Amino acid sequence: MTDEKLDQILKQALAPEISDREIRLHRRGKDKIKKFGKIGTCAAAAVAAAVIGIGGLGYFNPVLAAKIPLIGKIFEKVEDDARYSGDYTDKKTVLTNEDPAGNLDTSDYTVSDQGITLTASEAYCDGYSIFLTVNIASENADFTHIPEHYTSMKAADGRTAAGFYIDGTWSVDGSAPEWIENTFDGEVIDSHTFAGMLKIDLAEKHAGSGELNLNVTGLGYDDDRMLDSEQISASHWTDGSWNITVPFEVNGTDVKTIEVGEKAGNITLEDVVVSPYQVIVHTTTPGKQRELTDDRREKLLSEDPDMTDAEMFELLGWSYEPCYTICFDQDGEMLYADTEIAGRAGFAVQGKTLNTLYVFIFDNFDDWIQMEQEGMSSSAADRAVIAREIQVA
C-alpha cells in the first residue's frame, strides 16, 4: 500500500477534517515500523526499546552545556551517533563568522517564532544530498524526555541519537518546493537545547554552489513520559514559520561515481556513487524511462490530488516497476539502508572504509527481507535480478 493511499484511508477513518500535518505524523509512525523491518527481528526489538525507552540518558548538566560552543561545531557534536555518521571536519562549511571581538555572528541563519529559535550551523553537499546541522532552542521546553533510537545496523553497537521532527518544504535555487521528509538526528544538550543533523536528497546531481531554502512550518518531538498514549508521535508539536536560506558549496572530494550499466530483466543498474557519508545506487526500470511532464502531472493531480506516480503510470498504460536494493561491504557487513525511491537507493557509510561493495537488486520484497535477515550468504542471493561486485578502492 502506498503512503498516499494510506493517507486517504486515514483521512476517512480518523476524522473528516484531519489536517495534512496529522496525516504526516501518522505516516511517521508507519515509517518507524518500516525502518525496524530493515534491521532484522532481534535488532528491531532492541530498536523499539530504544525509541520509546531511553529518555534521560547522556544529557549534560545545563550549566555546563551553556558553555559548550555549539554553533559551528554541531557536526563534531553529533557525527559519531547520527545515522549519516563520519568525520565532517574537513568537508563542512561553517555558516557563521566571528566578529572582531570573537563572538559568533548567526544573524543571517537564525529565525525565531512561537518561542522556538532555529539556527543553521554548518552545511555539506556531496552533489547528491545536503547535510545541514542546526541548533534548536526553546526556553519553554523540556527536551530531556526526547527518547533515543538506534542509528546503526547492530543494536550491540549501542549507537543512539535523539530525533526531532520537522515539517514544511525545501527547494534549491528556486526549484519547485518538496516536502521535508527526514527528521533531525542529534543530541539533547540540555532542557532547552537540541543539536541535530538533517539530510535532504537532491532530485538531480548538483554542481558548484547553490542556496537551500527551508520553509519550516512545524517542529516537534516525542516524549518518553507518554509511552501509553496513542498520540506519542510528536506529542510536543508547534506550528509556526521558520524560513531560512542556507548557502552551500558542492564538495566533490572523495566522491566517486562508478559506472555499471548492467541490465537484467526489467532492471538496469546504472551506477554506484560513493561519498564519504553515503552510498547511492542508481537504477532504472521500464517505468523510470518515461518521465511525467509537469503539465501532465498537474492535470492528473487536478483530477485526483492523492494520485501517486505509480497510479499515474498505470492510468497512462505505462509500466512502473519498483526494485529493492541491499548493499554489503567487503567484510559482508550490511550497510544501513535509507528509504528507497524509484531510481535511487541510499545507504549510510557510517565511518566504514569501503574497498568493495556487493550490490543485490530484487524485484520481490520478500526476497529482500530474507536477505536482510540472513545476510549476504542467504539463499535469497540466487534470486536477485542483479548481483554485482563493485570495486571502490
Side-chain angles (χ1 to χ4, degrees), residues 3 27-28 30-48 50-51 81-86 126 128-129 131 149-157 159-161 163 181-183 185 197-201 258 267 269-283 285 322-352 354 356-378 380-381 383-390 392:
D3 287 345
R27 282 174 55 183
R28 283 175 182 142
K30 178 174 71 70
D31 290 341
K32 287 180 183 178
I33 301 301
K34 280 185 180 178
K35 287 185 173 68
F36 296 163
K38 287 187 175 183
I39 58 175
T41 306
C42 295
V47 170
V51 169
D81 292 322
R83 186 176 305 154
Y84 283 87
S85 55
D126 59 7
Y128 297 88
S129 301
F131 300 77
H149 56 276
Y150 282 109
T151 56
S152 68
M153 289 301 302
K154 296 181 290 187
D157 292 344
R159 284 183 33 206
T160 60
E181 296 290 349
N182 294 344
T183 61
D185 261 357
M197 179 196 305
L198 175 72
K199 183 172 82 80
I200 292 177
D201 294 329
I258 304 163
I267 299 172
L269 171 55
E270 298 289 356
D271 61 53
V272 176
V273 177
V274 181
S275 87
Y277 315 108
Q278 66 177 338
V279 170
I280 303 171
V281 177
H282 288 125
T283 59
T285 65
C323 56
Y324 311 97
T325 309
I326 193 166
C327 284
F328 299 85
D329 67 7
Q330 64 275 359
D331 299 318
E333 290 192 13
M334 186 164 37
L335 302 189
Y336 195 114
D338 204 340
T339 302
E340 184 166 359
I341 62 174
R344 173 175 173 151
F347 305 86
V349 171
Q350 300 196 321
K352 294 182 174 67
L354 299 178
T356 306
L357 284 172
Y358 296 91
V359 179
F360 297 85
I361 303 176
F362 299 92
D363 59 3
N364 184 297
F365 186 60
D366 290 338
D367 292 335
W368 185 98
I369 287 290
Q370 180 181 337
M371 192 168 199
E372 178 274 329
Q373 293 175 340
E374 298 176 355
M376 200 168 77
S377 60
S378 171
R383 298 190 293 277
V385 177
I386 293 177
R388 184 67 180 255
E389 177 181 326
I390 306 291
V392 178

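No experiment lies behind these values; they were computed from the predicted model shown.
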Verdict with reasoning, Met197 to Arg83, per side chain to side chain contact (heavy atoms under 4.5 Å, CB included): CA-CA 9 Å; Met197 179 196 305; Arg83 186 176 305 154; over 6 Å; no
Pair Asp338-Lys199, side chain to side chain contact (heavy atoms under 4.5 Å, CB included): steps then yes or no: CA-CA 11 Å; Asp338 204 340; Lys199 183 172 82 80; 3.6 Å; yes
Verdict with reasoning, Ile267 to Ile386, per side chain to side chain contact (heavy atoms under 4.5 Å, CB included): CA-CA 8 Å; Ile267 299 172; Ile386 293 177; 4.2 Å; yes
Steps toward side chain to side chain contact (heavy atoms under 4.5 Å, CB included) verdict (Phe328, Glu333): CA-CA 5 Å; Phe328 299 85; Glu333 290 192 13; over 6 Å; no
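Residues Ser378 and Glu372 fail the side-chain proximity criterion, which asks for heavy atoms closer than 4.5 Å. Put simply, the side chain of Leu335 does not reach to within 4.5 Å of the side chain of Val349, judged on heavy atoms. Considering only heavy atoms from C-beta on, Leu269 comes within 4.5 Å of Arg388 through its side chain. Here the side chains of Val274 and Leu354 are in contact, with some heavy-atom distance below 4.5 Å.
The two residues Phe347 and Thr325 have their closest heavy-atom pair at CZ-O, 3.6 Å. The two residues Asp329 and Tyr358 come nearest to each other via the heavy atoms O-CD1, 3.6 Å. Shown here for Leu198 and Thr183, the closest heavy-atom pair between the two residues is CD1-O, 3.8 Å.
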Extract all donor-acceptor atom pairs below 3.5 Å that involve side chains of residues 359-366 and protein atoms in other chains or at least two apart in sequence.
from, atom 1, to, atom 2, distance (Å)
Asn364, OD1, Asp366, N, 2.8
Asn364, OD1, Asp367, N, 3.3

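Atom SG of residue Cys327 and atom CE of residue Met376 lie 11.5 Å apart, to the nearest 0.5 angstrom. Note: Ile326 CD1 to Met334 CE = 5.0 Å, rounded to the nearest 0.5 Å. Summarising the geometry, atom CZ belonging to Arg159 is positioned 4.0 Å from atom OG belonging to Ser85; distances are rounded to the nearest 0.5 Å.
Judged by distance alone, the side chain of Thr151 and the main-chain N or O of Asp81 form a donor-acceptor pair under 3.5 Å. Side-chain N or O atoms of His149 include one that pairs as donor or acceptor with a backbone N or O of Ala161 at under 3.5 Å.
For Gln350, the side-chain hydrogen bond (donor to acceptor under 3.5 Å, both in side chains) test picks out no residue, with sequence neighbours left out. Residues meeting the side-chain contact (heavy atoms from CB on, under 4.5 Å) test with Val273, sequence neighbours left out: Tyr128, Val255, Thr257, Asp271, Ile280, His282. Under the side-chain hydrogen bond (donor to acceptor under 3.5 Å, both in side chains) criterion, Asp126 pairs with Ser275, Gln278, sequence neighbours left out. A search for side-chain contact (heavy atoms from CB on, under 4.5 Å) contacts involving Gln330 returns Asn355, Thr356, not counting sequence neighbours.
Counting only residues at least two apart or in different chains, salt bridge (charged side-chain N to carboxylate O under 4.0 Å, His left out) contacts with residues 342-351 comprise Asp201-Arg344.
No hydrogens or angles considered: nothing links the side chains of Thr283 and Glu270 as a donor-acceptor pair under 3.5 Å.
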